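Note that this is a predicted model, so its numbers are computed, not measured. Heavy atoms only: backbone and side chains are in, while hydrogens, waters and symmetry mates are out. Below, chain A is the first sequence line, B the second, and so on; all start at residue 1.
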2 protein chains.
Amino acid sequence: MSDWMPSLSALRAFDATVRHLNFVRAAEELSVTPSAVKQLVRKLEDSLGQPLVERDVRGLRLTAAGEAGARRISEAYRIQVYRGELCEDCIDLS
Amino acid sequence: MSDWMPSLSALRAFDATVRHLNFVRAAEELSVTPSAVKQLVRKLEDSLGQPLVERDVRGLRLTAAGEAGARRISEAYRIQVYRGELCEDCIDLS
DNA sequence: ACCTCTTACGATTGTCGTAATAATC
DNA sequence: GATTATTACGACAATCGTAAGAGGT
């Protein structure tokens, strides 16, 4: 809830959700189920105490907090590191 | 142990270990037990396939991979974000 | 002896898929 | 009615503390 440390999986799930505004496609990108993505985003929301995404006429839309979160998470956590080149570029120490 | 995604806790544990070269003090900084720190660092090592820290005459010392890892993890993951101002600066979206 | 590292074990929590339901087109 | 969002539930994995043992000074 509030002492939960956001995992990289959760940040990545939110990041994919922001880019697709669609849980199904976000899940496809991450090779998990839409349920998994939804649940991680919900944990993020719970830990923040406010919703980040809402249902909209055309799928999903970001709340104000979601907009701020998308910017700050992208900047602060450097989520882009995790868009493909994680292991090759950052973890492999050879 | 190679499909394990390093958690922020694990990266933070390694970061604290690098700075203190001492599991007890690293654990104090993170308000956990030395055992918890040690186990997270070991998971990191397992996922990398090589040791990062070794016992030394005066406590701990970094291996070559550990030196490289300390630099890259600090750079790539921006661990410094988690040295205190995590919630205030990065998570709080108010 | 003391201090630190290290590990086995168990409890708690987190992650994620399945399956069923609700909402929207 | 088809697609997507949402939730309950259960299996499995990760996290972490306790307690005990190993290593060094």
The single option from A:Leu52, A:Val53, A:Thr17 that satisfies side-chain contact (heavy atoms from CB on, under 4.5 Å) with A:Leu44 is A:Leu52

When rounded to the nearest 0.5 Å, the distance separating OG1 of A:Thr33 from CZ of A:Phe23 is 11.5 Å

Interatomic distance, NZ@A:Lys38 vs CD@A:Glu45, rounded to 0.5 Å, equals 6.0 Å

pair B:Asn22-B:Leu60: side-chain heavy atoms closer than 4.5 Å: no

SB check B:Arg42 B:Asp46 (cutoff 4.0 Å): no

Reckon B:Lys38 has a side-chain N or O less than 4.0 Å from the OP1 or OP2 of C:dC5? no

Rounded to whole Å, CG of A:Leu60 lies from P of C:dA23 at a distance of 16 Å

### Message
With a 4.0 Å cutoff (strictly under), does any side-chain N or O of B:Arg42 reach OP1 or OP2 of C:dT6?
### Response
no

Rounded to whole Å, the NE2-P distance (A:His20 to D:dT4) equals 13 Å

Rounded to whole Å, the CZ-P distance (A:Arg25 to D:dT4) equals 7 Å

Between CG of B:Asn22 and P of C:dC2 the distance, given in whole Å, is 19 Å

Practice task
Group every Ile, Leu, Val, Met, Phe, Trp and Tyr by side-chain heavy-atom contacts under 4.5 Å, then state whether A:Leu40 and A:Leu30 land in the same group.
Solution key: no

Readout for nucleotides 15-25 of chain D: B = base within 4.0 Å of protein heavy atom, S = sugar-phosphate only, - = neither; 5' to 3' it is SBBB----S-S

Rounded to the nearest 0.5 Å, the CG atom of A:Asp56 sits from the CG atom of A:Leu62 at a distance of 10.0 Å

note: A:Asp46, atom CG; C:dT13, atom P; distance rounded to Å ~ 15 Å

note: A:Glu28, atom CD; C:dC16, atom P; distance rounded to Å ~ 17 Å

Q: Please answer: with hydrophobic residues joined when any side-chain heavy atoms are less than 4.5 Å apart, are A:Val24 and A:Val32 in the same cluster?
A: no

When the rotation axes relating C1' atoms of four end pairs to the next four are compared across the helix from C:dA1-D:dT25 to C:dC25-D:dG1, five pairs an end, they differ to 10° by 30°

Does any non-hydrogen side-chain atom of B:Arg19 lie less than 4.5 Å from one of B:Glu29?
-> yes

